[in-house]
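Every chain is numbered from 1 and lettered A, B, ... according to where its sequence line falls, protein lines coming before strand lines. All values below were derived from every heavy atom in this structure, side-chain atoms included, with hydrogens, water molecules and symmetry-related copies excluded. Everything quoted here is computed from the prediction, not taken from an experiment.
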2 protein chains.
Amino acid sequence: MLSKKCKYAIHALVYLAERHGKGPVQIGEIADSQKIPKKFLEAILLELRNNRILNSKKGKGGGYYLQRSPEEISLTEVIRLTNGPIALLPCVSLNFYESCEECVNEKNCTIRTTFLTIRDETLKILSESSLAALVKKQKKDRK
Amino acid sequence: MLSKKCKYAIHALVYLAERHGKGPVQIGEIADSQKIPKKFLEAILLELRNNRILNSKKGKGGGYYLQRSPEEISLTEVIRLTNGPIALLPCVSLNFYESCEECVNEKNCTIRTTFLTIRDETLKILSESSLAALVKKQKKDRK
DNA sequence: GGATTAGTCTACCAATTTTATAGAGTTAAC
DNA sequence: GTTAACTCTATAAAATTGGTAGACTAATCC
């Protein structure tokens with residue numbers, strides 16, 4: 001399951017994507033509208049900033065805004081940053097590969113291909129979910 | 001990612017599936033061959049037993065064995081028991097449904113359908129992975 | 001240039017979950 | 001009645017998660 005941190009990050013980013021191009025949005029506003037503890041959100045947004053997803057502006061009139069266009073930010077990237085690997089086993093992870101320490105024989109591992117397939121399918125779906133796609137979907141649903 | 005408990009459970013079950021019909025297998029033998037801490041495995045097998053996946057026999061010549069045929073035990077069931085929900089969000093879980101406590105509006109939730117699709121694809125792959133299928137695959141790989 | 005606003009950084013911490021281990025108890029076989 | 005093997009209860013270290021406190025820095029506005 002996704003951690004709260006990850007869910008908070010996604011919702012905050014979608015909120016920012018909706019307001020993309022309209023200047024910085026303050027942490028407090030995002031926290032209030034998305035019901036996220038403010039101090040916790042602070043740390044999350046900072047991390048997203050340090051990982052080139054967000055930019056920030058200090059001082060009066062400051063806040064956070066997307067560093068790239070909503071089309072170029074996908075859930076894949078957000079989940080990897082805030083929740084870790086997409087794969088269910090370390091030995092089939094693209095970005096966080098590790099052999100399972102208890103693994104007796106990785107090549108002949110019975111379950112490896114099953115979880116490789118799951119990873120591939122999951123990645124396919126996630127990479128189609130950019131922030132832009134999510135915002136578009138949301139607008140449609142509201143009609 | 002899957003917990004060690006879950007990976008241990010899967011590997012132990014595949015081991016038992018290979019020996020299905022040949023009488024009980026002792027915890028110690030499974031633990032040794034799969035590099036699983038024996039005491040931890042004890043607790044896992046007991047839980048699988050209490051959930052109708054395994055049966056056990058006490059005393060000399062005793063051990064654990066599958067309660068059903070390997071065709072009838074799928075990874076879906078094993079993961080749910082030892083790792084929890086398959087879904088990445090509680091609000092799209094079939095067996096562990098809960099609304100996300102921080103959710104502002106579940107019906108119009110931006111990300112719900114994405115994770116619903118992921119759950120469906122994952123379940124499809126997992127349900128095709130019975131213990132029998134895994135054992136069959138393993139034999140093929142060894143050739 | 002000082003007051004205010006808003007992000008940054010460091011440190012901390014409680015609760016929960018994970019990954020075990022110890023040891024006494026029970027049952028079955030021989 | 002001894003031995004082999006599962007069962008049950010208790011305990012606990014380590015890691016992760018979710019969250020808070022407070023001092024610091026930078027930008028704006030008057």
Fill in the blank from the handout: dist B/Gln138:CD -> A/Arg112:CZ (nearest 0.5 Å) comes out at 14.0 Å
Practice task
Mind listing the residues from residues 42-60 of chain B sitting with a heavy atom below 4.0 Å of DNA chain D? Number order is fine.
Solution key: B/Glu42, B/Leu46, B/Arg49, B/Ser56, B/Lys57, B/Lys58, B/Gly59, B/Lys60
Exercise for the section: Please name the residue in the list A/Ile86, A/Leu126, A/Val14 that meets the side-chain contact (heavy atoms from CB on, under 4.5 Å) test with A/Leu75. Expected result: A/Leu126
Problem - Atom pair CG (B/Leu2) and CG (A/Leu88), whose distance is rounded to the nearest 0.5 Å - result: 5.0 Å
Exercise for the section: Return each pair, listed once, that meets salt bridge (Lys or Arg N to Asp or Glu O under 4.0 Å) where at least one residue sits in residues 39-50 of chain B; pairs must be two or more places apart or across chains. Expected result: B/Lys5-B/Glu47, B/Lys39-B/Glu42
Handout entry: B/Lys35 NZ - C/dT19 C1' separation (whole Å)
Key = 17 Å
Handout entry: Nearest-0.5 Å distance that lies between atom CG in B/Asn108 and atom NZ in A/Lys139
Key = 14.5 Å
Practice task
Please step through side chain to side chain contact (heavy atoms under 4.5 Å, CB included) for the pair A/Ile111 and B/His11, ending with a clear verdict.
Solution key: CA-CA 9 Å; A/Ile111 59 175; B/His11 285 120; 4.0 Å; yes
Exercise for the section: Look at the side chain of A/Lys5 against the base of D/dG19 and say whether a donor-acceptor pair falls under 3.5 Å; ignore hydrogens and angles. Expected result: no
Problem - Letter per nucleotide, 5' to 3', of nucleotides 13-18 of chain C [B base touched, S only sugar-phosphate touched, - untouched; heavy atoms, 4.0 Å] - result: ------
Pairwise N/O distances under 3.5 Å, protein to nucleotides 11-13 of chain D:
none

Practice task
Using atom CE of B/Met1 as one end and atom C1' of D/dA15 as the other, report the distance to the nearest whole Å.
Solution key: 14 Å
Exercise for the section: Applying side chain to side chain contact (heavy atoms under 4.5 Å, CB included), name anything that partners B/Leu13, two or more places apart in sequence or on another chain. Expected result: B/Leu48, B/Ile53, B/Leu54, B/Leu66, B/Val78, B/Leu131
Exercise for the section: Would you kindly give the OH-to-P distance between B/Tyr65 and D/dC6, to the nearest whole Å? Expected result: 12 Å
Show me the donor-acceptor pairs within less than 3.5 Å that the side chains of residues 18-32 of chain A make with the rest of the protein, sequence neighbours left out.
from: A/Arg19; atom 1: NH1; to: A/Tyr15; atom 2: O; distance (Å): 3.1
from: A/Glu29; atom 1: OE2; to: A/Tyr15; atom 2: OH; distance (Å): 2.6

Fill in the blank from the handout: Out of D/dG22, C/dA6, C/dA20, minimum distance to the side chain of A/Gln26 belongs to C/dA6
Handout entry: Results of side chain to side chain contact (heavy atoms under 4.5 Å, CB included) for B/Leu94 - residues two or more places apart only
Key = B/Arg80, B/Arg119, B/Leu123
Exercise for the section: Find the distance A/Glu29:CD to C/dG7:P and express it as a whole number of Å. Expected result: 10 Å
Fill in the blank from the handout: B/Phe115 meets the ring pair (Phe, Tyr, Trp, His ring centres under 6.0 Å) criterion, sequence neighbours left out, with none
Practice task
Rounded off to whole Å, could you give me the CD1-to-C1' distance for the A/Ile27 and C/dC9 pair?
Solution key: 12 Å
Fill in the blank from the handout: Between CG of B/Leu41 and P of C/dT21 the distance, given in whole Å, is 12 Å
Exercise for the section: May I ask you to evaluate whether B/Tyr8 reaches the phosphate of C/dA20, defined as a side-chain N or O under 4.0 Å from OP1 or OP2? Expected result: yes
Problem - Counterpart residues, side chain to side chain contact (heavy atoms under 4.5 Å, CB included), relative to A/Lys124 (two or more places apart) - result: A/Glu121, A/Glu128
Handout entry: Set of ring pair (Phe, Tyr, Trp, His ring centres under 6.0 Å) partners for A/Phe40, sequence neighbours left out
Key = A/Tyr8
Practice task
Check the distance between C/dC12's P and A/Lys39's NZ and give it to me in whole angstrom.
Solution key: 15 Å
Practice task
For A/Gly63, answer base if it contacts any base atom (sugar-phosphate contacts may also be present), sugar-phosphate if it contacts only those atoms, and nothing otherwise; contact means non-hydrogen atoms under 4.0 Å.
Solution key: sugar-phosphate
Problem - Stepwise side-chain hydrogen bond (donor to acceptor under 3.5 Å, both in side chains) test for A/Ser69 and A/Glu72 - result: CA-CA 6 Å; A/Ser69 80; A/Glu72 293 169 62; 3.0 Å; yes
Practice task
Could you identify which residues of residues 84-97 of chain A place a heavy atom less than 4.0 Å from some atom of DNA chain C, listed by residue number, or say none?
Solution key: none
Practice task
Provide, to the nearest angstrom, the distance between the OH atom belonging to B/Tyr64 and the C1' atom belonging to C/dA28.
Solution key: 15 Å
Practice task
Write out all pairs satisfying ring pair (Phe, Tyr, Trp, His ring centres under 6.0 Å) with one or both partners inside residues 58-81 of chain B, taking only residues at least two apart or from two chains.
Solution key: none
